[in-house]
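Data first, discussion second: the structure below is written as structure tokens.
Whatever order the structure lists ligands and atoms in, that order sets their numbers, starting from 1. Model, not experiment: these values are computed from the prediction. In what follows, residues are counted from 1 in the order of the sequence shown.
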Amino acid sequence: MLFWKDKQNDKPAEKAAPEAAVTAEVAAPVEAEEAKSPESKKTIKIAVLTSGGDAPGMNAAVRAVVKSAHARQDVNVLVYGVDHGYNGLIEGKFTPMGLRAVSNTLQSGGTKLCTARCKAFETPEGVKQAADNCFNEGINGVVVIGGDGSFRGARDLTNAGIPCVGIPGTIDNDIGCSDYTIGYDTAMNTAMRMIDNLRDTAQSHDRCNIVEVMGRHAGYIALNTAIASGAFAALVPEKEADIDRDIIDRINFVQGTGKKHFIIVVAEGVGNIDEISRQIKEKTGRDTRTTILGHIQRGGSPSVRDRVAATQMGHRAVELLCSGNGGRVVAMKGEKVVDYEINEALQMKKDFPFDLLQVASDVSI
Ligand code: F6P
């Protein structure tokens, strides 16, 4: 079966013979002598999957894995896409990905590999089945693009003998070890544009529009989109709000100065926006409407930031697996790409920018 592009002439190369493919371990760094001629190069097989909620930029990360693998000079790397996250590993759904498999995918939202939240992978039987399928296919390492639940799966699979490298991919930006997660920027920009639209109608009707944004248990999207859209208030799960003091008293105060429309951005982790809406209407006399932005925030073409971060992190994941470093998570520390041992990564916490909440409040009236 022909599926891999030869670097020299860009023609498909023969699939590696089974004996060239290896054991449960990622290939050790290739010695200089071995790298001298293409014939003597080692071949390793990397699988890549996307897991959990899709996020814009996941395709860019997969593309970076495929292209970076192809660019390796020291080792032949064969990449396999796994269908629907860990479900595909359990069902043994590996598809060889040559260079052209990722053509025209950089700019597309969603995940072309498809994704799932896989309950079966939370069981030892599920992990064992997935590991057995990887052994049978000769897979030496797996790149897992997803959130912290997906990284726990990657840790379990690593412990079962298949070294994994995680890449943070979630719109929520809620991964403790990474300052940034793939999809976050695009989701915020989508939410900001939607809130801009809400402002038009809020202003036209002198209303208070309360808008719920995603983020699971985190308020990063809410805080930043509130600032970016000039919202009157941002409610986030990281800081409990007093609705009377933080919203109602302030609305009543500024209504006296002539302000007639209000945008309140609420993170989904805060709770029921209908109840907040009811209280505002009752205690301020201002007509209210609620909007849940929902899954619209997950789609769309990834932003520059998401495409670049996804590409950087996909490239690092291949570097790690090719140098024998499985059981790690790639992360962003500021603008730099870093990586951590996977258990350490899962323990890490990052600080919520409470100072930005104060900024949001100070510029909101
Ligand atoms: O983690 C990403 C996210 O979009 C969260 O913001 C949200 O809470 C959740 O996924 C929604 O999940 P689902 O797609 O299963 O409805």
Worksheet item: Got Ile171 and Pro56 here, is their nearest side-chain heavy-atom distance under 4.5 Å?
Response: yes
Worksheet item: Do we see a donor-acceptor contact under 3.5 Å between the side chains of Arg250 and Ser364?
Response: yes
Discussion item. Within ligand 1, which atoms have a heavy atom of Arg117 less than 4.0 Å away?
Written reply: 9 (C), 10 (O), 11 (C), 12 (O), 13 (P), 14 (O), 15 (O)
Worksheet entry | Closest protein heavy atom to atom 2 (C) of ligand 1, given as residue, atom name and distance to 0.1 Å | Asp172 OD2, 3.2 Å
Worksheet item: Are side-chain N/O atoms of Ser301 and Arg307 paired as donor and acceptor at under 3.5 Å?
Response: yes
Worksheet item: Which atoms of ligand 1 are found less than 4.0 Å from any heavy atom of Glu268?
Response: 5 (C), 6 (O), 7 (C), 8 (O)
Worksheet item: Between the side chains of Glu275 and Gln279, does any donor sit under 3.5 Å from an acceptor?
Response: yes
Item to complete: Can you sort out which atoms of ligand 1 are near His295, meaning under 4.0 Å from one of its heavy atoms?
Response: 13 (P), 14 (O), 16 (O)
Discussion item. Is it the case that over 12 heavy atoms from other parts of the model lie below 6.0 angstrom from the NZ atom of Lys350?
Written reply: yes
Discussion item. Against ligand 1, does Gly215 come closer than 4.0 Å with any heavy atom?
Written reply: yes
Response to the item:
If you scan protein heavy atoms around atom 4 (O) of ligand 1, the nearest is Arg298 NH1, 2.7 Å
Worksheet item: Is ligand 1 under 4.0 Å from a heavy atom in the side chain of Gln297, in the backbone, in both, or in neither?
Response: neither
Discussion item. Can you tell me how the ring of Phe232 sits relative to the ring of Phe262, calling it parallel under 30°, perpendicular over 60° and tilted otherwise?
Written reply: perpendicular
